[in-house]
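Just so you know, these numbers use all the heavy atoms, side chains as well, and skip hydrogens, waters and symmetry mates. Values in this document were obtained by computation on a predicted structure and should not be read as measured data.
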Amino acid sequence: VPADLIIPWWVDKIESGFYDCPTVRTITFQGSIELGTGAFAGCPNLESVYFLAYSEVTLGECCFDGCRNLSLVSGLKVADSRDGGFAFRGTAYWNSLPDGFVINNSWLIGYKGECPMEVVIPDAVKFIGGCVFYEAGMHSVKMHDGVKIIGRSAFARSKLRTVEWSKGLETIGAGAFGNTELEMAILPSSVTTVGDEAFRECNSLKTLVAPSGETVFWQHALMGVCS
């Protein structure tokens, strides 16, 4: 693999073929790209990533995780991050960002620092990415009505107890609220998709009101919930 890697415009998806690659130092994406889980994770000498104009990126989980020398990410425009948890964890780029909400193209792709007890999702956010609040210490979250997607494991293993739901919410990802302290979930009628094990092992969950007409997916969404 060359030190200066160019991904041509006609490549639209990369899985994990460059995991832990020791030679690559810069990557240039010439077109829109979907990055799979761990696509470039652990590349010890990667320093710079460039996304050219008009490129949009679907972030996969841990796609640049552990690239500790990655300090420059230029032109990033996120198209989808519902499965994009920990995309830049452990990189110099991520460590250089200020604490608080990390938002890109209406996607909340991370939260840096310690969460307050009450989290209010900013108006600029329409989509909450994967694992954004994983193991966070907040007790409540308030969503405005423009939030449409909650990604995979977005609040999993957090201390979350109460949610003020978006009235425009459409999708709840797999494991989104798994292993939380959620006590009640009254979902808006706008919800059409709930991922597997979305409320898995929410042992404090006493009340759950599902959108009318939806029955089948709850068998999987509630897997492991104690009654």
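Judged by distance alone, the side chain of Ser166 and the main-chain N or O of His144 form a donor-acceptor pair under 3.5 Å. For Thr23 (side chain) and Val1 (main-chain N/O), a donor-acceptor pair under 3.5 Å exists by modelled atom type. Side-chain atoms of Lys167 do not come within 3.5 Å of backbone N or O of Ser189 as any donor-acceptor pair. Within the 3.5 Å criterion, the main-chain N or O of Leu169 finds a donor-acceptor partner in the side chain of Ser190. A donor-acceptor pair under 3.5 Å is absent between the side-chain atoms of His139 and the main chain of Glu181, judged by distance alone. Side-chain N or O atoms of Ser32 include one that pairs as donor or acceptor with a backbone N or O of Glu56 at under 3.5 Å. With hydrogens and angles ignored, the 3.5 Å screen pairs no side-chain donor or acceptor of Asn105 with any backbone N or O of Lys77. Side-chain atoms of Trp165 do not come within 3.5 Å of backbone N or O of Met143 as any donor-acceptor pair.
Residues Leu182 and Leu187 share a single hydrophobic cluster, defined by chaining ILVMFWY side chains whose heavy atoms lie under 4.5 Å apart. Placement of Val147 and Trp107 in two distinct hydrophobic clusters is found when ILVMFWY residues are connected by side-chain heavy-atom separations under 4.5 Å, directly or transitively. Grouping the Ile, Leu, Val, Met, Phe, Trp and Tyr side chains by contacts below 4.5 angstrom, directly or via other members, places Ile149 apart from Val194. By the criterion of side-chain heavy atoms lying less than 4.5 angstrom apart, applied directly or through intervening Ile, Leu, Val, Met, Phe, Trp or Tyr residues, Trp9 is grouped together with Ile33 in one hydrophobic cluster. Transitive grouping of hydrophobic side chains (ILVMFWY, heavy atoms separated by less than 4.5 Å) keeps Ile103 and Val73 in distinct clusters.
For the pair Asp20/Pro44, a side-chain contact is recorded, criterion being any heavy-atom separation below 4.5 Å from C-beta on. Residues Phe18 and Leu46 form no side-chain contact, since every pair of their non-hydrogen atoms from C-beta on lies 4.5 Å or further apart. Between Phe133 and Ile150 the shortest side-chain heavy-atom distance does not fall below 4.5 Å. Using a 4.5 Å heavy-atom cutoff, the side chains of Ser204 and Arg161 are not in contact. Contact check for Lys112 versus Asp99: side-chain heavy atoms found under the 4.5 Å cut-off.
In this structure, the separation between CZ on Phe155 and CD1 on Ile128 is 4.5 Å, given to the nearest 0.5 Å. The distance from atom CZ of Phe86 to atom OG of Ser153, rounded to the nearest 0.5 Å, is 8.5 Å. How far OG of Ser55 is from OH of Tyr50: 14.5 Å, rounded to the nearest 0.5 Å. Remark: Leu35 CG to Ile7 CD1 distance equals 9.0 Å, nearest 0.5 Å. Here the straight-line distance linking atom CD1 of Ile14 with atom CD of Glu34 works out to 10.5 Å at 0.5 Å rounding. Atom CG of Leu205 sits about 14.5 Å away from atom CZ of Arg200, to the nearest 0.5 Å.
Nearest heavy-atom pair across Gly129 and Ala154 is O-CB, 3.6 Å. In this structure, Thr26 and Val24 approach most closely via the heavy-atom pair O-CG2, 3.5 Å. Summarising the geometry of Ala198 relative to Gly173, their closest heavy-atom pair is CB-O, 3.8 Å, with the distance given to 0.1 Å. Taking each heavy atom of Cys62 and Ala41 in turn, the nearest pair found is O-CB, 3.3 Å. The shortest non-hydrogen separation linking Cys202 to Gly178 is SG-CA, 4.5 Å. Between Leu160 and Thr180, the closest heavy-atom pair is O-CB, 3.9 Å.
Salt bridge present: Arg25 and Glu47 bring a charged side-chain N and a carboxylate O closer than 4.0 Å. We find that Lys206 and Glu183 are not joined by a salt bridge, their nearest charged nitrogen and carboxylate oxygen being 4.0 Å or further apart.
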Apply the test side-chain contact (heavy atoms from CB on, under 4.5 Å) to residues Thr171 and Lys148: give CA-CA distance (whole Å), side-chain angles for both, the deciding distance (0.1 Å), then the verdict. CA-CA 7 Å; Thr171 299; Lys148 297 179 180 300; over 6 Å; no

| request: Go through the steps for Arg157 and Glu135 under the test salt bridge (charged side-chain N to carboxylate O under 4.0 Å, His left out), then give the verdict. | output: CA-CA 5 Å; Arg157 297 187 177 277; Glu135 293 187 339; 5.1 Å; no

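Shown are Phe64, Trp94, Phe40; of these, the side chain to side chain contact (heavy atoms under 4.5 Å, CB included) with Leu70 is made only by Phe64. Shown are Leu72, Leu76, Asn69, Val49; of these, the side chain to side chain contact (heavy atoms under 4.5 Å, CB included) with Tyr93 is made only by Leu76. The residue from Val132, Val163, Val141 that alone fulfils the side chain to side chain contact (heavy atoms under 4.5 Å, CB included) condition with Val119 is Val141.
Between Tyr111 and Phe101, the ring-plane angle classifies as perpendicular under the 30° and 60° cut-offs.
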